[in-house]
Amino acid sequence: MLVYPSSMDLSSRTLRCLTGRLAVRRGEIGTRWRRLTAGRQALLALAHLRCGDTYAQLAAGFGIGIATVDRYIREAVEVLASVAPTPAEVMPIARAKAFVILDGTLLPIDRIAADRPYYSGKHKRHGMNVQVLTDPFGRLLWASPALPGSAHDLTTARTHGIVDALTEAGLKCWADKAYQGAGGSIRVPFRGRRLKRWQRRHNSTHAKIRCVGEQAVATLKGWRLLRKLRCSTNRITAIVQAVLALHHASV
């Protein structure tokens, strides 16, 4: 396999953050020697998450075996996922904002037609449902654990307790029609075909505010691995949390 130099649109701060956490991890478990340094392992993990490079490509580029690549990436993801912010940690930050935006997105996965729990009727494809919370400027604050794509956005949000957390915090939240009936502090547009003029104006204003939240979804899917996941569905939550931790470390 041919090997060539490449680049990633990530800051050196992100690399240093992951390198430091991996170095601490190696000290905790008493690692004496490895084929790659903590810095090279961090670079390998970032190449997989950000660029979606396969294990075979990474093994050839870093001069190690595919099994070693898998082990290094799993370790990096676990380390990052352990420091990802929880809803309880995000709420104090969110309270300082005028409002937040709640939205859901589907992370595509490679599943067959028989895997019905992962099939989203809304998106007409298999995937995992992830909820995101953003500030008024579209910056990503929090991303939820992943649930099968067949789960409704409102059901997913309630399962993760984000609806109750927003209500208890008394924080205004803007969301789309999928969250109709959430209650509390979550504001949704009016539904129906024969709306009054003031209702249509309200929906228009609501859409202008809510569309900013799409920037957070774009931020999440800027990590190419999340555009088409080919791993076990049991690992997707850890990957999403790892990406969230890296995002917060880089801002």
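For this chain, numbers begin at 1 and follow the sequence in order.
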- Message: Show, in sequence, the C-alpha distance, side-chain angles and deciding distance for R125 and S120, and conclude whether the side chain to side chain contact (heavy atoms under 4.5 Å, CB included) test is met.
- Response: CA-CA 6 Å; R125 65 190 309 177; S120 170; 5.6 Å; no

- Are more than 12 heavy atoms from other residues, nucleotides or ligands located less than 6.0 Å from atom CZ of R200?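 Yes, the 6.0 Å shell around CZ holds more than 12 heavy atoms from other groups.
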
- Message: Surrounding CZ of R21 (heavy atoms of other residues, nucleotides or ligands, distance under 6.0 Å), is the total greater than 12?
- Response: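 It does not: R21 CZ has 12 such atoms or fewer within range.
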
- Message: I'd like to know if E75 and R34 make a salt bridge, using a cut-off of under 4.0 Å between side-chain N and carboxylate O.
- Response: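 Salt bridge between E75 and R34, a charged N being under 4.0 Å from a carboxylate O: yes.
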
- Does the pair R50/D9 count as a salt bridge with the N-to-O cut at 4.0 Å?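 Answer for the salt bridge query: yes.
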
Which atom names give the shortest non-hydrogen contact between [X] and [Y], and what distance separates them?
X	Y	value
L141	A94	CD1-CB, 4.5 Å
A238	A81	O-CB, 3.7 Å
Q215	G138	CB-O, 3.8 Å
P136	V212	O-CG1, 3.6 Å
M8	C51	CG-SG, 3.3 Å
L80	A245	O-CB, 3.4 Å

Do [X] and [Y] pair up side chain to side chain, a donor and an acceptor below 3.5 Å, judged on atom types alone?
X	Y	value
S12	R16	yes
Y118	T233	yes
Q41	R26	yes

Could you give the distance from [atom1] ([X]) to [atom2] ([Y]), rounded to the nearest 0.5 Å?
X	Y	atom1	atom2	answer
I162	S144	CD1	OG	8.5 Å
T14	L43	OG1	CG	12.0 Å
I236	L229	CD1	CG	4.5 Å

Any side-chain heavy-atom pair from [X] and [Y] closer than 4.5 angstrom?
X	Y	answer
I64	L44	yes
R230	K228	yes
T54	Q57	yes
R187	C173	no
K221	L107	yes
M91	L133	yes
H160	L147	yes
V100	W174	no

- Item | Cluster link L106 to V240, ILVMFWY, side chain under 4.5 Å |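 No, separate clusters.
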
- Task: Kindly indicate, with the supporting measurements, whether the criterion side chain to side chain contact (heavy atoms under 4.5 Å, CB included) is fulfilled by L10 and S250.
- Result: CA-CA 8 Å; L10 291 174; S250 63; over 6 Å; no

- Dump the intermediate steps for side chain to side chain donor-acceptor pair (under 3.5 Å) on H152 and T155, then the final yes or no. CA-CA 5 Å; H152 192 273; T155 302; 4.8 Å; no

- Apply side chain to side chain contact (heavy atoms under 4.5 Å, CB included) to the pair I101 and K172, showing each step before the final yes or no. CA-CA 9 Å; I101 302 169; K172 294 180 181 178; over 6 Å; no

- For the ring pair F190 and W198, is the centre-to-centre distance below 6.0 Å?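 Ring centres of W198 and F190 closer than 6.0 Å.
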
- Message: Angle between ring planes, H126 versus Y119, binned at 30° and 60°: parallel, tilted or perpendicular?
- Response: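 Rings of H126 and Y119: perpendicular, over 60°.
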
- Begin with the C-alpha distance, continue with both residues' side-chain angles, and end with the deciding distance and a verdict on side chain to side chain donor-acceptor pair (under 3.5 Å) for Q131 and D103. CA-CA 6 Å; Q131 302 293 298; D103 199 4; over 6 Å; no

- Which residue pairs pass the ring-ring contact (aromatic ring centres under 6.0 Å, His included) test when at least one of the two sits in residues 217-251, sequence neighbours left out?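 Passing the test, one end in residues 217-251: no pairs.
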
- Message: Between E168 (side chain only) and A165 (backbone N and O only), is there a donor and an acceptor less than 3.5 Å apart?
- Response: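 Judged by distance alone, no pair lies under 3.5 Å.
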
- For L58 and H48, what are the C-alpha separation, side-chain angles and deciding distance, and is it a side chain to side chain contact (heavy atoms under 4.5 Å, CB included)? CA-CA 8 Å; L58 294 170; H48 179 65; 3.7 Å; yes

